[in-house]
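In what follows, a structure is listed as C-alpha cells, so that the remarks can point back to it.
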2 protein chains.
Amino acid sequence: MNLKPLSESTEMYLKAMAELSGRDVIAVGRLAERLGVTPVSANEMMRRLGEQGLVAHTPYKGVNLTKKGREAAGNVIRRQRLWECFLYDHLKIEWARVYEFACLLEHATAPEVTESLAEFLGHPKTCPRGNPIPEADGSFKPLDATPLSELKPGQTARLLAVSATAADVLKYLQEKNILPGREVTLLELAPLQGPLTVRIEEKDVALGLPMAEFVLVKIIKS
Amino acid sequence: MNLKPLSESTEMYLKAMAELSGRDVIAVGRLAERLGVTPVSANEMMRRLGEQGLVAHTPYKGVNLTKKGREAAGNVIRRQRLWECFLYDHLKIEWARVYEFACLLEHATAPEVTESLAEFLGHPKTCPRGNPIPEADGSFKPLDATPLSELKPGQTARLLAVSATAADVLKYLQEKNILPGREVTLLELAPLQGPLTVRIEEKDVALGLPMAEFVLVKIIKS
DNA sequence: TGGAATAATAAGGTAAACCATAATTTAATT
DNA sequence: AATTAAATTATGGTTTACCTTATTATTCCA
Ligand SMILES: [Mn+2]
Ligand SMILES: [Mn+2]
Ligand SMILES: [Mn+2]
Ligand SMILES: [Mn+2]
C-alpha cells in the first residue's frame with residue numbers, strides 16, 4: 001500500500017486536514033493558519049501532495065484529502081492518540097502536555113510498534129482528550145458532538161472531547177477542570193462574541209468563544 | 001544547558017562517534033562508513049558540528065567529541081536504550097528489531113518523556129542488547145568487556161552485550177542464540193581471519209571475525 | 001456590476017544534508 | 001625521499017520545506 005514513509009511535514013499537513021473537516025473542502029488559507037505557515041507555503045505543499053495523490057486541489061475552491069490521503073491521516077492520528085494514552089496512563093505525564101509529546105512520537109513510529117502499542121494499551125477507544133482512535137487500517141469517522149459554543153444558557157451537557165492541541169489552550173482547560181467526562185452547564189452567554197460562563201465541578205468558569213469551539217459536548221439536559 | 005534541539009542527523013553523528021571510541025580520536029572515514037555517507041559529507045558535517053562546539057576536529061588526525069558533544073551523545077544513547085527496554089519488555093517486539101525502532105523514537109523524545117519512561121521502566125541499567133544506559137545527565141562510561149574475537153580456543157565466557165546495530169547482524173545473532181547472559185565457549189579459530197566456532201546453548205555456531213567483534217564477553221574460564 | 005477579499009502564481013532566497021568529481025594536502029610506508 | 005593512500009577542500013548539484021514580495025485570477029458580496 002504505502003511504499004515510502006511520509007515526511008513529518010507531510011504527515012502534519014494530512015493530520016491538520018483530517019482534523020479540519022468532516023468531508024467538506026478546506027480553504028488553503030485556513031490550513032496555513034492552522035500549521036503556522038504562510039499561504040504561499042501551504043499552496044506549494046498542496047501541489048506536492050497533489051502530485052503524490054494525497055490531496056485533491058480545486059483552485060479557488062479548496063483542498064480535500066483523497067482516499068489515500070485520508071487513510072494516511074488516519075494512521076498518523078492513530079499513532080498520535082495511542083501515544084497520548086501511553087504518556088498519560090502509564091508515564092503519568094501532565095494532561096495538558098501529552099499532545100505535544102505525542103505529536104513528536106507519531107512521526108517516528110513504525111507500524112509494528114503502533115500495533116504492539118495498541119495491544120499493550122488494550123486497544124483503547126479514545127485518547128485522554130476524548131477523541132476517538134482510528135482503526136489499524138486508517139479508517140475513522142468524526143465524533144458526533146456539539147461544540148460547547150453552541151450550547152444555550154441553561155443547558156447541561158457531558159463533556160466528550162477537547163479538540164484543541166495548542167499547549168496554552170490545553171493548560172487553561174486543565175486548570176479550569178474542563179476535561180472529558182465532566183458535566184457542564186452554560187450559565188451565561190455574553191453578547192458580541194462575548195465569553196461563556198459555564199459551571200463545571202461546582203465552579204464558574206469564563207471561556208472565550210474561540211476556546212469554546214474546541215470543547216465538544218453532548219447535551220444531556222435542556 | 002542545551003538551547004535548541006539537535007537535528008536527527010546531528011544526533012546520529014554524535015551517537016556513532018560515542019559508540020566508535022572510548023576516548024581516542026576517530027578517523028572521519030570510519031565515521032562516514034558507519035553512517036553510510038560519503039567521506040565528503042561526513043567532513044562537511046564535522047565542520048558544522050565543530051562550529052556548534054560538539055566535536056573537535058584535528059585535520060588529518062581525526063575527530064573527537066567535546067564535553068558538550070559527549071553529553072549530548074549520552075543523552076541520545078540513554079533515550080535509545082530506554083526505548084529498547086520498553087519495546088522489548090513491554091511491547092514484546094522481536095529482539096533483533098528493537099534497535100531499529102528505538103533508533104527512530106530516540107530523536108522524537110522530550111526530556112520529560114525520557115525521564116518518565118525511565119521511571120516507568122524502573123531505571124534499568126542495561127538495554128536488551130546488554131549495553132549500559134547512560135545517566136540522566138548524559139554521562140556514561142564504556143562497558144568493560146572483551147570482544148569475542150579475542151577469545152582463545154578453550155576459553156569460556158559470559159556474553160555481556162552485543163554492540164551491533166544492523167538488523168541483519170542482530171537477526172543472525174538472535175537465530176543462533178548469541179544473546180546477553182549466555183555462556184559461550186570458543187571451540188576453534190580458523191586461521192587467516194577465519195570464522196570462530198563457538199558452543200552456545202549446547203549448539204555449535206560459526207561466526208565471522210567481524211561479527212565476533214560485535215559480541216562483548218567476560219572471560220570466566222580459561 | 002464593481003470592489004474587496006481571498007487564492008494562486010511567479011520569481012528569487014535560505015538552510016540542512018546529502019551527492020559527485022576533481023584538486024590538494026598530509027601522513028604513512030617502503 | 002618517493003610513492004601511495006587517506007583526508008580535506010573546492011565546486012557545483014539536488015531535494016524538501018520554508019520565506020518574501022509582486023502580480024494575476026477568482027469569488028463573493030454590497
Ligand atoms: Mn506531529
Ligand atoms: Mn536514530
Ligand atoms: Mn523558485
Ligand atoms: Mn556549494
Side-chain angles (χ1 to χ4, degrees), chain A residues 2-17 20-21 24-65 68-69 72-73 76 103-104 106-108, chain B residues 2-17 20-21 24-65 68-69 72-73 76 103-104 106-108:
Chain A
N2 314 315
L3 301 139
K4 336 92 226 287
L6 304 174
S7 72
E8 170 163 349
S9 193
T10 293
E11 290 192 334
M12 289 305 283
Y13 272 90
L14 296 178
K15 199 176 79 166
M17 290 177 71
L20 224 46
S21 90
D24 30 305
V25 28
I26 302 153
V28 178
R30 286 213 58 200
L31 232 198
E33 195 180 26
R34 206 353 147 90
L35 293 162
V37 298
T38 64
V40 177
S41 296
N43 243 288
E44 289 170 339
M45 194 61 168
M46 288 307 103
R47 186 182 42 69
R48 278 178 233 131
L49 298 187
E51 284 164 3
Q52 293 176 254
L54 295 165
V55 315
H57 187 181
T58 314
Y60 297 103
K61 280 277 296 190
V63 280
N64 242 327
L65 290 171
K68 184 181 169 192
V76 181
C103 188
L104 296 175
E106 66 190 354
H107 312 291
Chain B
N2 313 316
L3 302 139
K4 334 92 225 282
L6 305 174
S7 72
E8 171 164 348
S9 192
T10 293
E11 290 192 335
M12 289 305 285
Y13 272 91
L14 296 178
K15 200 175 79 165
M17 289 177 71
L20 224 46
S21 90
D24 30 303
V25 31
I26 302 153
V28 178
R30 284 213 60 200
L31 233 198
E33 194 180 27
R34 208 352 150 87
L35 292 163
V37 299
T38 63
V40 176
S41 296
N43 242 286
E44 289 169 339
M45 194 61 168
M46 288 306 104
R47 186 183 40 72
R48 278 178 232 132
L49 299 187
E51 283 163 4
Q52 294 176 253
L54 295 165
V55 315
H57 188 182
T58 314
Y60 298 102
K61 280 278 296 192
V63 281
N64 242 328
L65 288 172
K68 184 181 168 192
V76 181
C103 188
L104 296 175
E106 66 190 355
H107 312 292

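Reminder, nothing fancy here: chain letters follow the sequence lines and each chain counts from 1.
Atom CG of B:Leu6 and atom C1' of C:dA17 are 15 Å apart (whole Å). Between A:Glu33 atom CD and C:dA7 atom P the separation is 10 Å, expressed in whole Å.
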Taking distance alone, no hydrogens or angles, what donor-acceptor pairs closer than 3.5 Å link side-chain atoms of residues 27-34 of chain B to residues at least two apart or in another chain?
| from | atom 1 | to | atom 2 | distance (Å) |
| --- | --- | --- | --- | --- |
| B:Arg34 | NH1 | B:Glu19 | OE1 | 2.9 |

Side-chain donor/acceptor pairs under 3.5 Å, residues 46-65 of chain B, sequence neighbours excluded:
| from | atom 1 | to | atom 2 | distance (Å) |
| --- | --- | --- | --- | --- |
| B:Arg47 | NH1 | B:Glu51 | OE2 | 3.3 |

Please set out all donor-acceptor pairs under 3.5 angstrom arising from side-chain atoms of residues 35-44 of chain B, sequence neighbours excluded.
| from | atom 1 | to | atom 2 | distance (Å) |
| --- | --- | --- | --- | --- |
| B:Thr38 | OG1 | B:Ser41 | N | 3.2 |
| B:Thr38 | OG1 | B:Ser41 | OG | 3.0 |

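With sequence neighbours excluded, the residues satisfying side chain to side chain donor-acceptor pair (under 3.5 Å) with A:Thr10 are A:Ser7.
Among pairs with a residue in residues 3-17 of chain A, those fulfilling salt bridge (charged side-chain N to carboxylate O under 4.0 Å, His left out) read A:Glu11-A:Arg79, A:Lys15-A:Glu106, at least two apart in sequence or across chains.
Of the side-chain N and O atoms in B:Ser9, none sit less than 4.0 angstrom from OP1 or OP2 of C:dA16.
For DNA chain D, the span of nucleotides reached by chain A at under 4.0 Å from its heavy atoms goes, 5' to 3', from D:dA17 to D:dT26.
Distance check, rounded to the nearest 0.5 Å: CG of B:Leu14 to NZ of B:Lys68 gives 10.0 Å.
Using a 4.0 Å cutoff on non-hydrogen atoms, the parts of residues 37-49 of chain A near DNA chain D are A:Val37, A:Thr38, A:Val40, A:Ser41, A:Glu44, A:Met45, A:Arg48, ordered by number.
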Could you pull out the protein-nucleic contacts involving nucleotides 23-28 of chain C (nitrogen or oxygen on both sides, under 3.5 Å)?
| from | atom 1 | to | atom 2 | distance (Å) |
| --- | --- | --- | --- | --- |
| C:dT25 | O2 | B:Tyr60 | OH | 3.1 |

